[in-house]
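As structure tokens, the structure follows; a few thoughts come after it.
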There are 2 protein chains.
Amino acid sequence: MTIRAMESSRTVDSGGGRRQATRQKLYEAAVTLIAEQGFSATTVDEIAERAGVAKGTVYYNFASKSVLFEELLRHGVGLLTASLREAVEKTDEEGGSRVDALDAMIRAGLVFIGRYPAFTQLYVAELWRTNRAWQSTLLVVRQQAVAVVEDVLRDGIANGELSDEIDTPLTAAALVGMVLVAALDWQAFQPQRSLDDIHAALSLLLQGRVGGGRLGPR
Amino acid sequence: MTIRAMESSRTVDSGGGRRQATRQKLYEAAVTLIAEQGFSATTVDEIAERAGVAKGTVYYNFASKSVLFEELLRHGVGLLTASLREAVEKTDEEGGSRVDALDAMIRAGLVFIGRYPAFTQLYVAELWRTNRAWQSTLLVVRQQAVAVVEDVLRDGIANGELSDEIDTPLTAAALVGMVLVAALDWQAFQPQRSLDDIHAALSLLLQGRVGGGRLGPR
DNA sequence: AGTTTTGAACTGACTGGTCAGTGCAAAAGC
DNA sequence: GCTTTTGCACTGACCAGTCAGTTCAAAACT
């Protein structure tokens, strides 16, 4: 008969169920609005209204608007890196190559963006801004995500599977960018296409089979 | 070196050096501030001050804050596409391959981003936002830039130089994303590295020579 | 058992400040 | 003699953050 019993729906409610549920609602409301309008253009009143909660509740749960945003960033990137790492692990279990691992990460990235398009939008929009309050949070959070890709690249170079001419950090950034931009374009301009379709196109690019199925010059 | 060349719209040059100069100053002030803080967080007073101009002048030259921003977008993307097209033309004159043309565009893109980092930042931050006043402007402006890349890809497929398995629009978007994100990362996190360095790393990726100099699986 | 107390969670009206945009007369170019 | 710029006062809307008060389930008490 207790109300708490029914509130433990989906979130891994560690500790108090009610508070956690409220925060979750606020995250979901904030991520959509900020993705659409940007941080500054989104008002706390809007967030509260969308979450079906009073404005005071926002400030009861988060110290300020920007703290809410920072925690939202950490939350989201946590989900992303977990998903990327899982993809790599699964490849490892199946004894796949490092290129297979990269390919699996591309797919995981696409799945993530398909599930949380608003978060991705917001992340890209804020990542390269300078002089903002949450600058340091972004730096940490970016490093977390890119590091997973860098690790796979390094492993691949170590075992000779990938060329040692590769510039690891730069290539990792470029790969992330490739997936990010292709996926956002997919969502924004060709949403009817299937994930497999997008994945295949990016796979082709990754494996360098764009140049007519032959090696490039030099 | 004249500004007139790209201002192809209604406000034709017609001798007016003064007005154009003021607008240019406003563009430059606005692009930096908006890149750093975002559109909403940037005030018209700030823009005027940074441009060394009275607030009234802003409204004498532009109908509103968002109109200033829209024209800024058009202005900047005009410069970018001109630069990309020039790179392709130069390759054509030298009888280069389509892969060479793509490579030249990568370099042109990097040069552009190196010269106008703030504009690039701002462009990326706004491109995938939905429900904003300048949505339609962005769409047009995006298409202009991506179209140049798509044209080269299509030519390459037509003459057999590139695989016809390629998904032209998607690959174009992915390539643009690759350059965009790699370049922004370069600017933000490793600004000391040389353009040639970055270019080489992206070239490698474009030509598919990442996988140890051999073809990928499948 | 029933009654009272506690405190975490939540509410929403209110405040102090900010900012886009206006109006206009005088000055400065061209 | 036009166009353009300046300087500055003004307005009205909007918004982040506050705070005194409410709710209610569980704990404490009788």
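Quick caveat, the model's predicted, so the values are computed rather than measured. Proteins get letters first, then strands, A, B, ... in listed order; numbering begins at 1 in each.
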Got a list of protein N/O to nucleotides 7-14 of chain D N/O distances below 3.5 Å?
none

Counting side-chain heavy atoms from C-beta on, which of [options] comes nearest to [X]?
X	options	value
A:Thr22	C:dC10, C:dA9, D:dT4	C:dC10
B:Asp45	D:dA16, D:dT6, C:dA20	C:dA20
B:Arg18	D:dT4, C:dT11, C:dA9	D:dT4
B:Tyr59	D:dA16, C:dG21, C:dT11	C:dG21

### Message
Check the orientation of B:Phe112 and B:Phe119. Use parallel for under 30°, tilted for 30 to 60°, and perpendicular for over 60°.
### Response
perpendicular
### Task
Report yes or no: do B:Gln20 and B:Gln24 form a side-chain donor-acceptor pair below 3.5 Å?
no
Within [range] or reaching into it, pairs that qualify as salt bridge (charged side-chain N to carboxylate O under 4.0 Å, His left out) - sequence neighbours excluded:
range	value
residues 132-157 of chain B	A:Asp185-B:Arg142, B:Glu126-B:Arg132, B:Glu150-B:Arg154, B:Asp151-B:Arg154
residues 35-44 of chain B	none
residues 54-65 of chain B	B:Asp45-B:Lys55

### Query
Between A:Arg98 and A:Asp103, does at least one N-O distance fall below 4.0 Å, as a salt bridge requires?
no
### Query
In residues 60-69 of chain A, what residues come within less than 4.0 Å of DNA chain C, judged by heavy atoms?
A:Tyr60, A:Asn61
### Query
How would you list, by chain and number, every residue that makes a side-chain contact (heavy atoms from CB on, under 4.5 Å) with B:Val176, sequence neighbours excluded?
B:Val149, B:Leu180
#### Entry: Aromatic contact, A:Tyr116 with A:Tyr123 (centres under 6.0 Å)
no
### Message
Looking at every heavy atom in both B:Leu162 and B:Ile166, which two are closest together, and how far apart are they?
### Response
CB-CD1, 3.9 Å
### Message
Heavy atoms only, 4.0 Å cut-off, all strands: where does A:Ser40 land among base, sugar-phosphate and nothing?
### Response
nothing
Atom pair distance, as rounded to whole Å: [atom1] in [X] and [atom2] in [N]:
X	N	atom1	atom2	value
B:Gln20	C:dC30	CD	P	14 Å
A:Leu26	D:dA16	CG	P	14 Å
A:Ile47	D:dG17	CD1	C1'	13 Å
B:Arg19	D:dC2	CZ	P	17 Å

### Task
Please determine if a side-chain N or O atom of A:Thr57 lies less than 4.0 Å away from the OP1 or OP2 oxygen of C:dT11.
yes
